[in-house]
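Shown next, in structure tokens, is the structure this report addresses.
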Number of protein chains: 2
Amino acid sequence: MTTPSGPRPGARKRIVDTAFRLFYARGPRGVGVDTIIDEAGVAKASFYKHFPRKDDLVLAYLDEVDRTWLGQLRACARAAGDHPAEQLVGMFDALHSAARREGYHGCAFINSAAEASPGSEVHARSVDHKRLVRAWVTDLARRAGAADPEGLARQLTVLLDGGLSAGVLDADPEVAASARSAAAVLVAAACPPARASTP
Amino acid sequence: MTTPSGPRPGARKRIVDTAFRLFYARGPRGVGVDTIIDEAGVAKASFYKHFPRKDDLVLAYLDEVDRTWLGQLRACARAAGDHPAEQLVGMFDALHSAARREGYHGCAFINSAAEASPGSEVHARSVDHKRLVRAWVTDLARRAGAADPEGLARQLTVLLDGGLSAGVLDADPEVAASARSAAAVLVAAACPPARASTP
DNA sequence: TGACAGATAGACAGACCTGTCTGTTACGGT
DNA sequence: ACCGTAACAGACAGGTCTGTCTATCTGTCA
């Protein structure tokens, strides 16, 4: 289960963990529920009890990715320094970490949205995630003293999306480095007297 | 038909045209060959005569996209001016045109690669396309006098990928504008005495 | 001991998908 | 007039997918 208190150690968590791994590697449509059931070691009835439709599991997967990725962005930002301008550049370190991870396969949201119907919940959830990230970056840009915080946030999130989504092709660490250096240039140009260079 | 000389008026072209439309909208895996056969108005035998495996049609589709997209990038670059630095920024107008097009759905290569097996021909073809684009941008950056042409090209292609691939979520024209403005900043920073501003 | 909640195993229906195969029709060149 | 090529129509096999259903097992609480 999701909280550590409940008397439920297995089943649902095994399903979600397995789905996370398989969905990210092959895309939700590339993984049948039978495969998940086998690898998670649960019964079909248990599966459909927790997730009446397959899409319910896909949404749970996306929520998991949303939590994880935002956490990594925040951690990298914080680790880069106290000044918001430094953090705007530092968050791109999350890209580098992601690219080094085994089985890196690009952006889960863009990959999922690519195979979902435009009006579906899966698609909407992906849009929500991107909006959330951009709102966070906008806030950071505002605190960094950017003349146009929303403009800078858009530039940086486009860059972030590019670095992330290209990972579905190859896990080239150069891409992350380029995105970071580009971010440094953009932040420096947008934040008036800032010393946005990073150690 | 493919060549203007041959005695081939229909069939194959109808298949490719239909595939282009449907594959781009729903992704190759989201479209069955029966659907293509129906909408193209061809017989199943004709389909499999021209494309023995479905993947052969997917590859033809990707080649079509490759040709089209590179053509648009080049056209936008040329239209932006004679100086390579101007062209590096101008190519981002292709993003804006794409976003305004009916049925815009992001990057066909990233979307296709997301659902293809990592070792497949479809995946490899997508990687090739991105490499081709980057080579062209690198050449432009070199002629623009960039201190580090490959570095600038990487920055710009990451930006381009971000602007393009995000289109699978929503066709926001602001994204294209942000990518273009960011490109202008990056080009200006990378090309020594350049006046990289655009009309 | 008995009742119950939650899990397990696995058959099944119905839809869809790829690829094969048979047979028919239309047309262009000789 | 004849023949070969390309296209047409559509049945069929074999597989996969989602989601439903029955039936059995296990542990906990009273």
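A note on names: the letters A, B, ... follow the listed sequences, proteins ahead of strands, and every chain is numbered from 1.
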Quiz prompt | The single option from A:W136, A:F109, A:Y61 passing ring-ring contact (aromatic ring centres under 6.0 Å, His included) against A:H129 | solution =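 Exactly one candidate clears the test, A:F109.
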### Task
Give a yes or no on whether a donor-acceptor pair under 3.5 Å exists between the nucleobase atoms of C:dG19, that is its base, and the side chain of B:K44.
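Present.
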Return the value, rounded to whole Å, for the distance between atom [atom1] of [X] and atom [atom2] of [N].
{"X": "B:I36", "N": "C:dT18", "atom1": "CD1", "atom2": "P", "answer": "8 Å"}
{"X": "A:F51", "N": "D:dG19", "atom1": "CZ", "atom2": "P", "answer": "13 Å"}
{"X": "A:Y48", "N": "D:dC17", "atom1": "OH", "atom2": "P", "answer": "11 Å"}
{"X": "B:R12", "N": "D:dC8", "atom1": "CZ", "atom2": "P", "answer": "14 Å"}
{"X": "B:R53", "N": "C:dT20", "atom1": "CZ", "atom2": "P", "answer": "11 Å"}
{"X": "A:F47", "N": "C:dG6", "atom1": "CZ", "atom2": "C1'", "answer": "17 Å"}
{"X": "B:K49", "N": "C:dT18", "atom1": "NZ", "atom2": "P", "answer": "21 Å"}
{"X": "B:D34", "N": "D:dC12", "atom1": "CG", "atom2": "P", "answer": "15 Å"}

Less than 4.0 angstrom between a side-chain N/O of [X] and OP1 or OP2 of [N], yes or no?
{"X": "B:H50", "N": "D:dA7", "result": "yes"}
{"X": "B:R14", "N": "D:dC8", "result": "yes"}
{"X": "B:S46", "N": "D:dC8", "result": "yes"}

Just to verify, which of B:V16, B:V42, B:L57 counts as forming a side-chain contact (heavy atoms from CB on, under 4.5 Å) with B:I36?
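Of the listed options, the one satisfying the test is B:L57.
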Proximal nucleotide (of C:dA7, C:dA9, C:dT18) relative to the A:A43 side chain: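 So the side chain of A:A43 is nearest to C:dA9.
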_If you apply the rule salt bridge (charged side-chain N to carboxylate O under 4.0 Å, His left out), what do you find for A:D34 with A:K44, and how did you get there?_
CA-CA 8 Å; A:D34 283 342; A:K44 206 161 197 175; 2.9 Å; yes
* To do: Before giving the answer on salt bridge (charged side-chain N to carboxylate O under 4.0 Å, His left out), spell out for B:D172 and A:R154 the whole-Å C-alpha distance, their side-chain angles and the decisive distance to 0.1 Å.
  => CA-CA 11 Å; B:D172 188 352; A:R154 275 189 184 275; 3.2 Å; yes
